[in-house]
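One-based numbering along the sequence shown. Just so you know, ligand 1 is whichever comes first in the structure, and atom 1 is the first atom listed for that ligand.
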Amino acid sequence: MIAVENQAPVSENAIPKDASDGFVVPESNAFGQSFRDYESTVRLSIVENTYRLNHINQTYDFVKRTREEYAKLNKAEMSIWEAIELLDSFVDESDPDLEEPQIQHLLQSAEAIRKDYPNEDWMHLTALIHDVGKVLYHSKFGSLPQWALVGDTHPVGCAFDESIVYHKYFKENPDYNNPAYNTKLGVYSEGCGLENVLMSWGHDDYMYMVAKANGTTLPSAALFTIRYHSFYPMHTEGAYKYLMNEEDRENLKWVLTFNKYDLYSKSNVHIDVEKVKPYYESLIKKYFPEKLRW
Ligand SMILES: O[C@H]1[C@H](O)[C@@H](O)[C@H](O)[C@@H](O)[C@H]1O
Ligand SMILES: [Fe+2]
Ligand SMILES: [Fe+2]
């Protein structure tokens, strides 16, 4: 990713904390189960079905076409907060750990990271908006089905790594047997950089596009985090490293820091939206124009 001039630099104090930072990983999620357990989550049938459809339908062609369509940013014009409010009853069907509306997840992750990094307002805002791309479900944004906007992401145009959850369903994806797309590198070259890799379509890449095209002043670490936060096969499983370049490796530490707050803040205890709204509105104002093209 290329850092553009209007992006704020990251301050020294914001050096990501490492494993020894005292972050306590909770033992179980809101259902009393372990996090990211795709075999026995209470939401198994809905989660598995969402991934089944995702893996069958997210072909290289589908992603290319859909990305081009959304790059036009001609779907809606609204503020970040208005988009957040569209998520006040949207429940993510790919998530084994959460059954609350996404507006709660946004605030829960933002409040959690704010507690540990009180002076890094850009991290609070990154958390607040990281999943706002899920507005793709809404009729104003083309009513995409959930398999086309939620879940972990992975590259298309090269072999599907074994570490991707519910990997078995790729066998029904036409790209699985296409020799142009089913080798280790596929259409890519070693070290080409994630910037040049087409990722399965979803809320990450969409929100990245929206933020970037509307001239956000968030630092490039924030944009990278938004864009790749669902790329668990890379950031958690260590797959596809050969596609990364130096800049990606540098940015990876931010995604890993952010990931703890994204994943482990999931809870059924609701945050009072109106109470925290003024603070987040002030951050949005600092880093974004009032109305954005979506
Ligand atoms: O189910 C979740 C959810 O869709 C998140 O928004 C996404 O970032 C995660 O990668 C995924 O596991
Ligand atoms: Fe997400
Ligand atoms: Fe999230």
Row check, [Y] ring normal vs [X] NZ/CZ: under 6.0 Å, within 45°:
X      : Y      : result
Lys266 : Phe35  : no
Lys184 : Tyr242 : yes
Arg36  : Tyr232 : yes
Lys260 : Phe23  : yes
Arg114 : Tyr279 : yes

Starting from [atom], locate the nearest protein heavy atom and write down its residue, its atom name and how far away it is, to 0.1 Å.
atom                   : value
atom 5 (C) of ligand 1 : Lys134 NZ, 3.7 Å
atom 2 (C) of ligand 1 : Ser94 OG, 3.6 Å
atom 7 (C) of ligand 1 : Ser230 OG, 3.1 Å
atom 4 (O) of ligand 1 : Asp92 OD2, 2.6 Å

For ring pair (Phe, Tyr, Trp, His ring centres under 6.0 Å), just list the numbers for His154 and Phe231, CA-CA rounded to whole Å, side-chain angles, deciding distance to a tenth of an Å, and then say yes or no.
-> CA-CA 6 Å; His154 56 269; Phe231 193 6; 8.4 Å; no
As an exercise, identify every atom of ligand 1 less than 4.0 angstrom from a heavy atom of [X].
X      : value
Tyr232 : 10 (O)
His229 : 8 (O)
Tyr51  : 12 (O)
Gly151 : 4 (O), 10 (O), 11 (C)

Below 4.0 Å, non-hydrogen atoms only: which portion of [X] touches ligand 1? Side chain, backbone, both or neither.
X      : answer
Phe231 : neither
Asp95  : both
Arg36  : side chain
Tyr38  : side chain

Judged by heavy atoms only, the candidate from Asp152, Thr50, Leu98, Asp131 nearest atom 12 (O) of ligand 1 is Asp152
Looking only at heavy atoms of His203, does any of them come nearer than 4.0 Å to an atom of ligand 1?
-> yes
Does ligand 1 have any atom sitting under 4.0 Å from a heavy atom of Tyr228?
->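 In this structure, Tyr228 fails to qualify as a contact of ligand 1 - no heavy atom is under 4.0 Å.
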Considering just N/O/S atoms, say which atom of Asp262 is closest to the Fe ion (ligand 3).
->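 So the atom name we want here is OD1.
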Side-chain contact, heavy-atom cut-off 4.5 Å: Leu283 with Trp122?
->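 No; the side chains remain at least 4.5 Å from each other.
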Shortest-distance N/O/S atom, Asp131 versus the Fe ion (ligand 2) | OD1
Output field for angle at the Fe ion (ligand 3), His105.NE2 vs His130.NE2, rounded to 10°, should show 100°
Pair Asp204, Ser230: side-chain N/O donor-acceptor within cut-off below 3.5 Å | yes
Applying the 4.5 Å side-chain criterion to the ILVMFWY set and letting contacts propagate, would [X] and [Y] be lumped into a single cluster?
X      : Y      : answer
Met199 : Tyr169 : no
Leu73  : Val132 : yes
Leu128 : Leu263 : yes

Could you tell me the separation between the CG atom of Leu198 and the CG atom of Asp205, rounded to the nearest 0.5 Å?
-> 8.0 Å
From the Fe ion (ligand 3) out to just under 2.8 Å, does an N/O/S atom of His229 turn up?
-> no
